[in-house]
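Data block below; observations after.
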Amino acid sequence: MDKRYFLQASAVIVGTALLSKYIYNNQESEAMTTSNSGFEITKPEEEWRTILTPEQFRVLRKHGTERPYTSPLDKEYDNGTYYCAACELPLFTSDTKFNSGTGWPSFFNPIEGAIAITVDRSLFMTRTEVHCSRCGGHLGHVFDDGPAPTGKRYCMNGVSLKFTPA
């Protein structure tokens with residue numbers, strides 16, 4: 001075994017060990033939101049599939065992300081309330097919605113007690129994932145680049161939400 005081979009093999013082993021936390025944490029995060037523990041509303045996966053559209057199921061139950069600029073809720077600015085598409089828990093009000101320019105509906109403040117957060121280490125980055133506090137459905141992520149007064153940008157998947165005008 002020559003020195004070059006040893007260094008290459010060592011780099012692969014060390015790199016795999018460092019990156020494994022990102023690969024495995026994503027699987028743990030997915031298990032958390034698709035499990036039936038810790039939430040007021042729990043259903044088997046088969047039942048969620050009958051209640052939700054295929055795209056809603058992919059986003060809400062499997063941590064998917066809709067394509068940007070595809071949700072009509074991104075440009076919805078009427079007065080009303082945004083609900084979880086899976087369990088209809090009120091999540092956001094229209095007076096906290098703003099145009100972030102990202103292509104997803106964005107809010108600066110949720111309704112108190114409506115959301116839960118977890119750490120998402122998928123895609124080689126660390127983000128704060130937002131879930132419905134009642135059913136555990138994946139809604140999107142929250143970032144620290146939003147407007148006053150909170151400075152937060154709750155960047156939500158439109159298929160995770162239902163809008164009801166006031």
Side-chain angles (χ1 to χ4, degrees), residues 22 25-36 38-43 45 47-166:
Y22 294 102
N25 279 347
N26 185 39
Q27 292 171 351
E28 291 169 11
S29 179
E30 181 173 318
M32 192 282 305
T33 59
T34 58
S35 74
N36 286 332
F39 298 105
E40 179 185 339
I41 294 179
T42 59
K43 299 177 188 302
E45 189 170 297
E47 190 172 344
W48 283 120
R49 284 185 190 276
T50 64
I51 294 168
L52 303 170
T53 68
E55 180 70 355
Q56 287 174 323
F57 181 82
R58 186 182 71 79
V59 172
L60 284 158
R61 307 313 303 170
K62 297 297 182 184
H63 293 251
T65 301
E66 70 184 349
R67 289 190 350 251
Y69 304 103
T70 59
S71 173
L73 295 182
D74 183 34
K75 300 298 181 196
E76 175 63 64
Y77 290 103
D78 287 342
N79 289 329
T81 304
Y82 294 83
Y83 295 84
C84 174
C87 72
E88 300 189 357
L89 177 71
L91 301 169
F92 299 94
T93 58
S94 58
D95 60 339
T96 65
K97 188 171 191 294
F98 69 99
N99 184 0
S100 66
T102 61
W104 290 281
S106 297
F107 305 85
F108 61 82
N109 204 27
I111 294 172
E112 188 173 339
I115 64 158
I117 58 171
T118 58
V119 175
D120 175 3
R121 289 190 174 92
S122 64
L123 304 174
F124 304 106
M125 56 186 149
T126 301
R127 300 177 292 176
T128 303
E129 187 171 1
V130 178
H131 305 275
C132 172
S133 66
R134 183 160 53 184
C135 71
H138 169 75
L139 303 171
H141 294 86
V142 61
F143 302 96
D144 291 325
D145 60 359
T150 65
K152 300 288 186 188
R153 173 174 52 97
Y154 290 85
C155 191
M156 303 293 98
N157 288 287
V159 298
S160 298
L161 306 172
K162 289 181 183 177
F163 176 71
T164 302

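- Remark: Lys97 is positioned above the aromatic ring of Tyr77, its terminal NZ or CZ atom under 6.0 angstrom from the ring centre and at most 45 degrees off the axis.
- Scored by the side-chain contact (heavy atoms from CB on, under 4.5 Å) test, Pro68 finds Trp104 as partners (sequence neighbours excluded).
- Between Phe98 and Phe108, the ring planes lie tilted relative to each other; the angle falls in the 30° to 60° range.
- From Asp145, atom CG reaches atom OG1 of Thr102 across 9.0 Å, with rounding to the nearest 0.5 Å.
- For the residue pair Ser100 and Ser106, the shortest heavy atom distance occurs at OG-OG, 2.8 Å.
- Here Met156 contributes atom CE and Ile115 contributes atom CD1; the two are 7.0 Å apart, rounded to the nearest 0.5 Å.
- Look at Glu45 and Lys62 and you find a salt bridge, because one of the NZ, NE, NH1 or NH2 atoms lies within 4.0 Å of a carboxylate O, short of that distance.
- The heavy-atom pair separating Ser160 from Val59 by the smallest distance is OG-CG1, 3.3 Å.
- Of all the heavy atoms in Lys75 and Asn99, the pair that sits closest is NZ-ND2, 3.6 Å.
- In plain terms, the two heavy atoms of Phe163 and Leu73 that are nearest each other are CB-CD2, 3.6 Å.
- No side-chain donor-acceptor contact under 3.5 Å links Arg134 to the backbone of Pro90.
- Between Tyr154 and Phe143, the distance separating the two ring centers is not shorter than 6.0 angstrom.
- Judged by distance alone, with hydrogens and angles left aside, the side-chain atoms of Ser133 form a donor-acceptor pair with the main-chain N or O of Gly113 at under 3.5 Å.
- The minimum heavy-atom distance linking Asn109 with Phe92 is given by the pair O-CD2, 3.5 Å.
- To the nearest 0.5 Å, atom CG of residue Asp74 and atom OH of residue Tyr69 are 7.5 Å apart.
- Note that CG of Asn157 is 5.0 Å distant from CD of Glu66, once rounded to the nearest 0.5 Å.
- Arg67 and Thr70 make their closest contact through O-OG1, 2.6 Å (heavy atoms, listed as atom of the first residue, atom of the second, distance).
- With rounding to the nearest 0.5 angstrom, the SG atom of Cys135 is 5.5 Å from the CZ atom of Arg61.
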- Message: Between Thr128 and His141, is the side chain to side chain donor-acceptor pair (under 3.5 Å) condition met? List the steps.
- Response: CA-CA 6 Å; Thr128 303; His141 294 86; over 6 Å; no

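- With values rounded to the nearest 0.5 angstrom, His131 atom NE2 is found 8.0 Å from Leu139 atom CG.
- Between Arg127 and the options Val119, Thr118, Asp120, a side-chain contact (heavy atoms from CB on, under 4.5 Å) holds for only Asp120.
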